[in-house]
Amino acid sequence: MSEELRKKMAQSIIDGDVDTAVALAKESIATGMEPMDAISNGFVAGVNEVGDAFGRGEMFLPELVMAGEAMKAAVATLDPELRKRGTERRKLGKVVIATVEGDIHEIGKTLVTIMMSSSGFEVFDLGVDCPAEKIIGKALEINADIIAMSALLTTTMIRQKEVIDELEKEGLRGKFKVMVGGAPITRDWVKYIGADGYSEDAVGAVVVAKQLVGAVD
Amino acid sequence: MAFATLLTDEQVKRTHEASLEILENVGLLVRNEKARSIFFKHGAKVDPESHIVKLPRAVTEKYIKMLQPTFTFRGRDPKFDKTIPKDSPVIVTGSSAPDIIDPLTGQERRARSDDIARIAHLINELPAYDMFSISTLADDAPPGQFTLARLYPATKYCVKPIRNTTKDMDDIQAIMKLLYAVAGGKEAYFERPFVTHHYCPVVSPLTMDQLSTEAIIYFSELGLPVYPTIVPNAGLTSPMSMAGTLAQGNAEFLAAAVLMQMVREGTQTIYASLPTVADMRSGAYASGGIECGMLHMAFAQLARFYNVPCGGYVGLTNSKINDAQMGYETGMSVVEGILGGMDMFNMGGLLDALKAFNFAKAVIDDEIAQMLKRVKRGIAFSEEELAVDVIAKVKPGGSFLMEPHTVKRMKNEALLTKLADRDARPIWEKKGSLDIEAHAKLKVDEILSHNTQSLLSDEQEARVRAEFKDLIPGMLEILQPQ
Ligand code: B12
């Protein structure tokens, strides 16, 4: 009975079906299933399957995002129960993301935003052509864990460094983890500017972000 | 030559109608204030809060009528001038790659101004290239010389038409000084503007950017050659359907083209695009996809509907090396383009979705481009070409080898490729079993070791140096193994 329920939970994630995922979460509460059991052995099994299928090129980006949305909805439904038991799942963290000043390339940054938010980060996307003050201001305002910056031009990469330098100058560097990315970014550059994280793609960005906030999968 | 089509006439018309609807009802977000006021002055509806500009049908139609049927590229040497569609296909290098595959180490690294000097000479010498769009950036550019460090070595080693882009208005002022100095004054330059300016003013979906829109307006006002490229990426920045991507992309082209006519009636432009369908398994930029050429074929139909020359980025590859993937991605999309009636091919020299320049690739693309020009020349047709009399004379079982009809045509009927290997295997082995990249590299070395003197006269050089005291050397040196 509960084995079947767990299977359905996994499937609802694979299908990216928010309504079914929520309904199944409610059903598990009604039948007295432990919420951690529902998450770890039900829904997460679906997330893992989706991740594998994506890696094999069988699952597509929008499906990945939909699966993330279904997962978020299921966890939100179980949240009150978790809280009652004091086993509240830790929120992954808050991210401020932007394409840096002078740069209007949006696609890569938006993909990173979508992947991060569907993985459970709370992401504040400031759009493109975003000056340092705005990025830092927003990070302070929402008490962000991570500042993430995209740059697609060799001429605008330097803005990533400027933001880090500015944080350093204001004594704020310790407050935020800084992630950078974009086609011209190299590992040498990441090291040179002293960023905390980098990834060449959006899926990797989530892995790195999780590491940075100390969350393990 | 009759062009291959993917859309029916009705579908072209419906796409046009759909674009007019998009312009009238959805509009564009226009970030540049000057552009907004130009649109407003010429009858567009501009929302002062949201900065959305909507173009009533009648307004769009009025300016479409002003589109010019030709576009002219000028070289420093007039013998390289080209006007499309008359001189189609015009073959151009791909441009602005941040990186280069180092010809000595084979490793990818940031490109420099001295690389541009070598590339400029190569493109000047390779026969199929009609225009040099500056292939890479110059990572060694000192402050204030971002584009100077690219354009100066380009003018020094290439007298074919040059295509150039800039960062901001200061950058534009700097390059104009350079161009006037080379030409011998502003007036002289305006008589023969040998640089065609290029920007991507539209950020799909339906957004007009600040600086590149400013630049398009600036050059249109001056009457200097300039054109925009429209870059929709289906699934991410335009609808996942090719038809939807055409409707939106066409609306975006019309918005840019209409703006140029509003600035100056009769401004020449090109219906240029870089259309792709995103790889939705990862979001990857699939510029090597077969759909790029298909979309170009359809955009070419729309361009003919408006009677304006067309083209854009094509023959691009996602491959990182000169392998079979590079060959088939480049080859297939440009064949689509030539059969579909593209006038301008921004196609040469880049690997990895426009991210890295490779010398051998530029040479291989030159041969591919010669093939395109051969296709465009078509099949000569006359009674003499039909050769019924020659066939009768040779009779069944005879040979055409020594026929005067053969001798007269043997050097021209087929394209005599210089890189592609046609030897028998034992001979190929005896010659070192070279693959296409090895052949191309030999050609690169040959070109880079001959006639590498500067193509600027002493006076031109002196004028340039007087204008810019600390300009980069921009010298062509042959890279030597250390
Ligand atoms: C599409 C495109 C455009 C579109 C952008 C549309 C949009 N809404 O974003 C348009 C046409 C508007 C455009 C404009 C310009 N572009 Co452009 N553009 C590209 C192109 C072809 C693809 C970029 C893309 O979307 N890739 C797909 C996404 C999915 O990949 P991605 O961005 O790399 O992101 C992935 C990773 O990098 C990573 N990532 C990205 N950000 C982040 C952030 C973090 C924190 C992390 C961890 C990871 C991460 O994850 C992403 C997903 O996997 C690139 C070439 C290329 N292959 O990169 C040129 C390119 C970047 N552009 C270039 C140029 C020159 C320009 C223009 C200057 C052209 C002009 N003269 O007008 C303008 C720039 C204006 C400006 N001020 O910014 C050059 C760069 C030269 C340089 N200086 O470095 C390139 C290399 C092409 C070329 N050779 O000309 N461009």
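So that the names make sense, note that chain A is the first sequence line, chain B the second, and so on, each numbered from 1.
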A:M115 portion near chain B, given a 4.5 angstrom heavy-atom threshold: neither
Engaged part of B:F146 at the chain A interface, taking heavy atoms whose separation is under 4.5 Å: side chain
Step-by-step side chain to side chain donor-acceptor pair (under 3.5 Å) determination, B:Q210 to B:E214: CA-CA 6 Å; B:Q210 276 290 2; B:E214 180 92 29; over 6 Å; no
Exercise: identify the closest heavy-atom pair between B:E329 and B:L316: CB-O, 3.9 Å
Proximal component of B:D168, with respect to chain A [non-hydrogen, under 4.5 Å]: neither
Which atoms of A:L111 approach chain B - backbone, side chain, both or neither, heavy atom under 4.5 Å: side chain
From B:I116 atom CD1 to B:R118 atom CZ, the distance as rounded to the nearest 0.5 Å: 10.5 Å
Other residues, nucleotides, ligands: >12 heavy atoms within 6.0 Å of B:R110 CZ: yes
